[in-house]
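A quick write-up on the structure given underneath.
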Amino acid sequence: MAENRIERKRVLSRKSKSEDVKSVIENGVSARRTTITNSNVVSSKAQLSHMYGSLTETDLTFKIVQLGDSGVGKTCLLLKFRDNTFLSGNFISTVGIDYRNKVIEIDGTKVKLQIWDTAGQERFRSVTHAYYRDAHALLLLYDVTNKISFDNIRAWLAEIKEYAADDVVIMLLGNKTDCKNSERVVRKEDGENLAREYNVAFMETSAKTGLNVDLAFTAIARELLSKNSGESNKSSFKVQDYIREQTQKNTCVNCTI
Ligand SMILES: Nc1nc2c(ncn2[C@@H]2O[C@H](COP(=O)(O)OP(=O)(O)OP(=O)(O)O)[C@@H](O)[C@H]2O)c(=O)[nH]1
């Protein structure tokens, strides 16, 4: 029913279906829908996998949900990761929820990441809560230039405790690190300390420059793969160690240029 429809966000809906199919063929990613209702999600996903299944054969699918206050950069992070594009200029808030798929390969295993982009605005909270439960991982974002978005992380973590599975993998991301130092109001150490307090992984990102964007999703995928294979019980994969190694590697590469 029309009144039950949750209109999707902006620019993302501009692609035509044929363009989406082309994108699937070229990039191995799934198409987007133009509207989502709670009741049609399952059938739409089934239709998509029926339509595009042979083009996106993967070994595993993981569901990742992005959370955080409105304006912290959730949609931009997803678009940077999937399409390597950045939406600058006018900010148009997400309405409801939307998702995109991206297939990545980790040590020879094809993993489909189904990434759900939620609206940060309070009025959509009851809609988005429904998507926490079966999420394998949650990316929780704040904006390093917005103290309130950081202070609200505790409230987000409380909601996660209430609505998500007990063993969900959580990663805290401080986004917009490309902004000038004078604009930054949340220090990296503050993010690290909060993440340590809640025993979650942490890194800083920029959806604008792409800093650590791929790494955030790859680290999550590796952690989920390790969990899936039962490795995490033996503590053989430590996501925060992996992040540290990878960021150090990147820093060293930059040093030698
Ligand atoms: N400088 C900078 N701006 C960013 C970055 N990420 C997002 N933005 C800007 O921040 C604004 C909000 O970005 P969105 O991705 O739409 O935010 P959101 O978290 O999806 O917001 P909701 O949809 O309301 O939940 C936009 O104007 C973006 O251009 C970043 O890494 N750096």
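Positions are given from 1, in the same order as the sequence printed here. Note that ligands are numbered from 1 as they come in the structure, with each ligand's atoms numbered from 1 the same way.
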**Message:** Which of the numbered atoms in ligand 1 are under 4.0 angstrom from any heavy atom belonging to K74?
**Reply:**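 By the 4.0 Å cutoff, the relevant atoms are 15 (O), 17 (O), 18 (P), 19 (O), 20 (O), 21 (O), 22 (P), 25 (O).
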**Asked** In this structure, are over 12 heavy atoms from other groups packed under 6.0 Å from N199 atom CG?
**Response**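 Check fails, neighbour count at 12 or below.
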[X], portion touching ligand 1 at heavy-atom distance under 4.0 Å:
X	answer
L87	backbone
S93	both
A119	backbone
T94	both

Is [Y] paired with [X] through a side-chain N to carboxylate O contact shorter than 4.0 Å?
X	Y	answer
D167	K227	yes
E197	R154	yes
E223	K238	no
D117	R100	no
R133	E162	no

**Request:** For S206 and ligand 1, answer yes if some heavy atom of the residue is under 4.0 Å from a ligand atom, otherwise no.
**Result:**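 Judged by the 4.0 Å heavy-atom criterion, S206 does count as contacting ligand 1.
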Polar-atom distance check: [X] versus ligand 1, any N or O pair below 3.5 Å?
X	answer
T75	yes
Q121	no
S88	no
G68	no

**Asked** Of E183, K176, K208, which has the heavy atom at the shortest distance from atom 8 (N) of ligand 1?
**Response**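 Comparing heavy atoms across E183, K176, K208, the nearest one to atom 8 (N) of ligand 1 lies in K176.
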**Asked** For atom 13 (O) of ligand 1, which candidate among G120, C179, G73, A207 provides the closest heavy atom?
**Response**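 Looking at heavy atoms only, the winner is G73.
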**Asked** Taking the six-membered ring for Trp, are H136 and F62 parallel (under 30°), tilted (30 to 60°) or perpendicular (over 60°)?
**Response**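 Perpendicular.
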**Request:** Return the orientation label for the Y132 and Y163 ring planes: parallel under 30°, perpendicular over 60°, tilted otherwise.
**Result:**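 Ring orientation of Y132 relative to Y163: perpendicular.
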